[in-house]
Structure formats: C-alpha cells, structure tokens
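Below is one structure; the comments refer to it alone.
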Number of protein chains: 2
Amino acid sequence: MTTDSAQKIEINLINALEDRGLRKTSARAAVTQRIEAAGDAFTAEQLCRELPEVGRATVYRTIRHLVDAGALCKLPILDGAPMYSVARVEHHHHTICSRCGAVGEFRHSTVERVMRSLEKEIDGDIVGHRMEIFITCNQCLADNAKGDSHA
Amino acid sequence: MTTDSAQKIEINLINALEDRGLRKTSARAAVTQRIEAAGDAFTAEQLCRELPEVGRATVYRTIRHLVDAGALCKLPILDGAPMYSVARVEHHHHTICSRCGAVGEFRHSTVERVMRSLEKEIDGDIVGHRMEIFITCNQCLADNAKGDSHA
DNA sequence: TTTTAATTGATATTGAGTATCAATAAGGAA
DNA sequence: TTCCTTATTGATACTCAATATCAATTAAAA
C-alpha cells in the first residue's frame, strides 16, 4: 500500500467469501487463486479439470458462493455451460467473441439511459436487464487475415 | 383471406419447416400446433410432457429445426433450460417476468442506435447482440397488491 | 486443547439433451 | 394406385453438467 488503495478495485475473491461469513479453507484458496491467475472467463468444468486436487462439488459450491457475493458474473451461453468472469466493473455488460469465446467487459452510459427510456414502453416494472455483445475480437480478426482458409 | 394478408405476420410453423424442404408429418404437425395454440414461451421438456404421444427426440429435433428456420427464438435462462418463443417481430428483444416467467417481445429503435454507437468503443467487430429485460409483469404486480404476503 | 459446526469430496443421482438404429411413413415415380 | 427410395420416428442408451448425500475432516471459537 504505497499509495491510496481506494482507486484500485480489489480483486480478492477469498476475501469476498470471508466477508460473507464463510471460512478460509485451502480448497477455497486454491479455487479463488486459480480464477484470479487465469484472468479469463471459464466454465465450471474447466476449473475442475485444472484443479483435480479439489473435489468437483467444492468447485461448484465455491463458484456459486462467488456469484452470490457478486464477485463473479455468470454468463448464459446458448448451447453450452455457463461461463464465469470476475466482476471488475460495477455494473457492466459483456462482449463475447463468437470465434474464440474470449469475454470482455464494458459499460456505456447510453445503455443505461436507454433502459430508463424503455420503462415507458414496457408493460410492467423493470427489475433488471442483461446484454451481451457478440464480436469477432481483434486477435481472431488478425489470425484470420494471416492464416485465412488454409491454416 | 378477406383482406390483404401482407399486414399480418403469418405464424405458420409447419410451413416454415416445409419451406426448408422438410416433410409434413403428423408428429411435426402435433408439435407446431401445440406451440401455436399455447402462445406462451415454453421449455422443451414442457412440450414433451404436453405431447406424450410424440417421442422426446422428435420434439427436440422439431424445435431445433424451427430455431434454425428463425421461426422460434431460443432464450438462454440462467439456472434453467432455455425457453422458446415464436418470433413474431423481425429483430427484437425479450422481456422476462422474474416472478412468473412470462416472456414478451419488443423492439426499440434506440437500442439499435446504441449498438451502432458502441462499435467505436468495442475492441473488435460486432457481429450480434442479445438483450433481455427482466420485469415484474402487470399481472404479477396486481396479484401482489391483492394477495400480498399472506396469500 | 477441546469442542462444535462448517466444510470437504467420493459417490450416487438427477435432468437436459443427443446418438443410435431398426421400424415406419412420406411423397415422387412408374 | 402401387412401388420405391429416403426422410422420419421413437425407444433406448448414452453423455454431460450439476446437485444431493453423508461420513470423514478441518477451521476457528472457547
């Protein structure tokens, strides 16, 4: 803590669990460290494969706790298991590369403004929303330009 | 066809299948009729239960064909099986009541405009998007006002 | 320490959805 | 109409994700 730490959003998942009154165990430490280290979005099964020393049930339970704590976002993937990504930005939306599956985050004030304007048109009370943008990420665009059809 | 039929969007699911070169069978007729009659969004398993005379595999296959044909929308539901609803509006988004699960459709030009403005901010090519609005529908609001906590 | 309750993880189970494949039905040709 | 080819069906077995069970273990408060 050399400088004021209020700026940086702490991505300390194990703390998020402790804050909920959960115990600090080696299994939970292994799961949260792995998630923090990877950085990318992941599926529950991927995590299980990467952490064979942690029981499958525990991996799933820990993920659920992190989602409940708001520390992980659960993204619904059509035709596939949901993916999880660390919530870095307070309220945000996701970009998902339809080629490689890379997940990004963004927030855009206009989106929120649109939501408010929609309230008039919609039959009922708005209680939330979800939005995903499907992209071809720059990496995939570059790969495509190089390799093209004959890999 | 008393008047010009161009106005009304035909919701003829069996025709959508025929247009794709698929045969008109009694099983497909049963599935599509049921979907049209219900009107509401549904899950694959619900349809299977309502149509015990049609094999489970056939129900799933028919749904898939209808989605491929663009006649059904497949909505990802977190913590649950995807729901399907008949696509009545060309490009649109969905409202989902978080109490009763009722699904509605809407389109809003501002949403599309926002999408275009996002292109500058996003790192890659936008190839699509999805948006769901979670609501408490008027029906549920009314039920709540009446019954309240002591059903 | 000791104690108590939370946690773990091997295993069984559930549920959604798909693959298989012999029997059947659709629909064009003769 | 009848025949023939091919699509379709549906019972069954299977895969995969995820949860329930529960005895053994471990965290952390006393």
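The chains referred to below are lettered A, B, ... by the order of the sequence lines, with proteins before strands, and numbering in each begins at 1.
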Whole angstroms only, please: what is the [atom1]-[atom2] distance between [X] and [N]?
{"X": "A/Glu53", "N": "C/dT8", "atom1": "CD", "atom2": "C1'", "answer": "13 Å"}
{"X": "B/Ile63", "N": "D/dT9", "atom1": "CD1", "atom2": "P", "answer": "13 Å"}
{"X": "B/Gln46", "N": "C/dA16", "atom1": "CD", "atom2": "P", "answer": "10 Å"}
{"X": "A/Leu17", "N": "D/dA27", "atom1": "CG", "atom2": "P", "answer": "15 Å"}
{"X": "A/Leu78", "N": "C/dA16", "atom1": "CG", "atom2": "P", "answer": "17 Å"}
{"X": "A/Met83", "N": "D/dA17", "atom1": "CE", "atom2": "C1'", "answer": "14 Å"}
{"X": "B/Leu75", "N": "C/dA16", "atom1": "CG", "atom2": "C1'", "answer": "17 Å"}
{"X": "B/His65", "N": "D/dA7", "atom1": "NE2", "atom2": "P", "answer": "12 Å"}

Between NE2 on residue B/His93 and CZ on residue A/Arg130, distance to nearest 0.5 Å:
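Here the rounded value is 12.5 Å.
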Protein heavy-atom contacts under 4.0 Å, written 5' to 3' over nucleotides 18-30 of chain C as B (base), S (sugar-phosphate only) or - (none), form the string B-------BS---
With a 4.5 Å limit on heavy-atom distance, are the side chains of [X] and [Y] in contact?
{"X": "A/Arg28", "Y": "A/Thr25", "result": "yes"}
{"X": "A/Phe106", "Y": "B/Ile122", "result": "yes"}
{"X": "A/His129", "Y": "B/Glu132", "result": "no"}

Base, sugar-phosphate, or nothing for B/Pro82, non-hydrogen atoms under 4.0 angstrom?
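The answer is sugar-phosphate, as B/Pro82 gets under 4.0 Å only of primed atoms, P, OP1 or OP2.
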Report the residue (B/Thr43 or A/Ala27) whose heavy-atom-nearest nucleotide on DNA chain C is the more 5′ of the two.
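With B/Thr43 and A/Ala27 compared, the 5'-side residue is A/Ala27.
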Want to settle it: does A/Pro52 or A/Arg28 sit nearer the 5' end of DNA chain C, counting the closest nucleotide to each?
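By nearest-heavy-atom nucleotide position, the 5'-most residue is A/Arg28.
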Lys/Arg N to Asp/Glu carboxylate O, A/Lys74 vs B/Asp79, below 4.0 Å
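B/Asp79 and A/Lys74: salt-bridged.
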Ion pair present between A/Arg56 and A/Glu45, side-chain N to carboxylate O less than 4.0 angstrom?
yes
With respect to A/Thr62, which candidate in A/Val31, A/Leu13, A/Ile14, A/Leu51 satisfies the side-chain contact (heavy atoms from CB on, under 4.5 Å) definition?
A/Val31
